[in-house]
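So the structure is just underneath, and the comments pick up after that.
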Amino acid sequence: QVQLVESGGGLVQPGGSLRLSCAASGFRVYYYAVGWFRQAPGKEREEISCISSSHTLPYYADYLQGRFIISRDTGKNTVYLQMNSLKPEDTAVYYCAVGGPGACGSNTGYDYWGQGTQVTVSS
């Protein structure tokens, strides 16, 4: 019974930081690809980061410009997304998703999704 529970979203000022959490149950995150996506109103969902033991380095979308960091705690079976230097254009609903070990960067190879958490960057 795969379940993903996201938390950590909220309202922050431009330049601020947030850490999103994706708590997984029903599987071990170490053996799968866990990706972060976001979707702004009126726009398509886009993959922004992913971590998998089958990849040498985590995946990041180029437009993040090094502002986000993905990590995982295998003991807590949780994947995190540290978001720094947030911009208004980062405002979106953020989702985590799980796929096979090679799913990172595919944008389509994910099977299960969390409920999403709202991130709003505004002064």
Side-chain angles (χ1 to χ4, degrees):
Q1 298 180 2
V2 175
Q3 185 175 355
L4 303 172
V5 179
E6 304 173 18
S7 61
L11 174 64
V12 297
Q13 294 184 350
S17 298
L18 283 175
R19 188 179 73 161
L20 305 183
S21 298
C22 176
S25 60
F27 71 99
R28 293 293 181 181
V29 299
Y30 178 84
Y31 297 106
Y32 296 88
V34 179
W36 284 99
F37 293 73
R38 69 185 184 186
Q39 186 170 26
K43 297 183 178 180
E44 294 185 346
R45 185 174 58 197
E46 55 188 3
E47 185 176 11
I48 57 174
S49 187
C50 181
I51 188 168
S52 172
S53 296
S54 295
H55 293 72
T56 303
L57 297 173
Y59 166 84
Y60 295 101
D62 291 339
Y63 54 77
L64 296 179
Q65 298 178 306
R67 297 182 296 117
F68 291 8
I69 302 171
I70 192 170
S71 63
R72 66 187 176 193
D73 186 328
T74 57
K76 296 182 178 181
N77 208 38
T78 299
V79 176
Y80 304 95
L81 184 68
Q82 178 68 44
M83 306 188 296
N84 301 315
S85 301
L86 285 164
K87 305 175 181 179
E89 49 263 46
D90 294 319
T91 296
V93 177
Y94 285 71
Y95 301 88
C96 63
V98 178
C104 292
S106 70
N107 203 28
T108 58
Y110 296 88
D111 302 308
Y112 299 94
W113 297 80
Q115 80 286 356
T117 184
Q118 177 71 47
V119 172
T120 302
V121 184
S122 176
S123 59

> Does the side chain of Ser71 pick up a donor-acceptor pair with the side chain of Arg19 at under 3.5 Å?
Replying inline: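 Looking only at side-chain atoms, Arg19 and Ser71 do not form any donor-acceptor pair under 3.5 Å.
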
>> Regarding Tyr63 and Glu89, do their side chains bring together a donor and an acceptor under 3.5 Å, going by distance alone?
In response: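 Glu89 and Tyr63 do not have a side-chain donor-acceptor pair below 3.5 Å.
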
>> Quick one: does any side-chain atom of Glu47 pair with a main-chain N or O of Gly105 as donor and acceptor, under 3.5 Å?
In response: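 Yes; judged by distance alone, with no hydrogens or angles, the pair exists.
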
> Ignoring hydrogens and geometry, is there a side-chain-to-backbone donor-acceptor pair from Ser52 to Gly102 under 3.5 Å?
Replying inline: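 Between the backbone of Gly102 and the side chain of Ser52 there is no qualifying donor-acceptor contact (under 3.5 Å).
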
Is there a continuous path of hydrophobic side-chain contacts, each under 4.5 Å between heavy atoms, that joins [X] to [Y]?
| X | Y | result |
| --- | --- | --- |
| Ile69 | Tyr80 | no |
| Trp36 | Trp113 | no |
| Val93 | Val98 | no |
| Ile51 | Tyr32 | yes |

Would you be so kind as to tabulate the donor-acceptor pairs closer than 3.5 Å made by side chains of residues 20-30, with sequence neighbours excluded?
none

> Residues two or more places apart in sequence or in another chain: which of them pass side-chain hydrogen bond (donor to acceptor under 3.5 Å, both in side chains) with Gln82?
Replying inline: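 Gln82 satisfies side-chain hydrogen bond (donor to acceptor under 3.5 Å, both in side chains) with Asn84 only.
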
Non-hydrogen side-chain atoms of [X] and [Y] separated by less than 4.5 Å:
| X | Y | answer |
| --- | --- | --- |
| Arg67 | Asp90 | yes |
| Val119 | Met83 | yes |
| Ile48 | Tyr95 | no |
| Ile70 | Tyr60 | yes |

> Which residues satisfy the ring pair (Phe, Tyr, Trp, His ring centres under 6.0 Å) test with Tyr110, sequence neighbours excluded?
Replying inline: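 For Tyr110, the residues satisfying ring pair (Phe, Tyr, Trp, His ring centres under 6.0 Å) (neighbours in sequence not counted) are Phe37.
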
If every non-hydrogen atom of [X] is compared with every non-hydrogen atom of [Y], which pair is closest and at what distance?
| X | Y | value |
| --- | --- | --- |
| Ser17 | Ser85 | OG-N, 4.3 Å |
| Ala103 | Gly109 | CB-O, 3.2 Å |
| Ala92 | Arg38 | CB-CB, 3.9 Å |

> Transitive ILVMFWY cluster of Leu57 at side-chain heavy atoms under 4.5 Å: who else is in it?
Replying inline: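 Once heavy-atom contacts under 4.5 Å are chained together, Leu57 still belongs with nothing else.
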
>> Which residues end up grouped with Tyr59 if you chain together Ile, Leu, Val, Met, Phe, Trp and Tyr wherever their side-chain heavy atoms are less than 4.5 Å apart?
In response: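 Members besides Tyr59: none; it forms no cluster.
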
>> With a sphere of 6.0 Å drawn around NZ of Lys76, does it hold more than 12 non-hydrogen atoms of other residues, nucleotides or ligands?
In response: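 Not buried by this count: 12 neighbours or fewer within 6.0 Å.
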
> Crowded around Tyr94 OH? As in, over 12 foreign heavy atoms under 6.0 Å?
Replying inline: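 Enclosed: over 12 neighbouring heavy atoms sit under 6.0 Å from OH of Tyr94.
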
Atom pairs and distances, donor-acceptor, side-chain atoms in residues 1-15, under 3.5 Å, two or more places apart:
from : atom 1 : to     : atom 2 : distance (Å)
Glu6 : OE1    : Gly116 : N      : 3.4
Glu6 : OE1    : Thr117 : N      : 3.4
Glu6 : OE2    : Cys96  : N      : 2.4

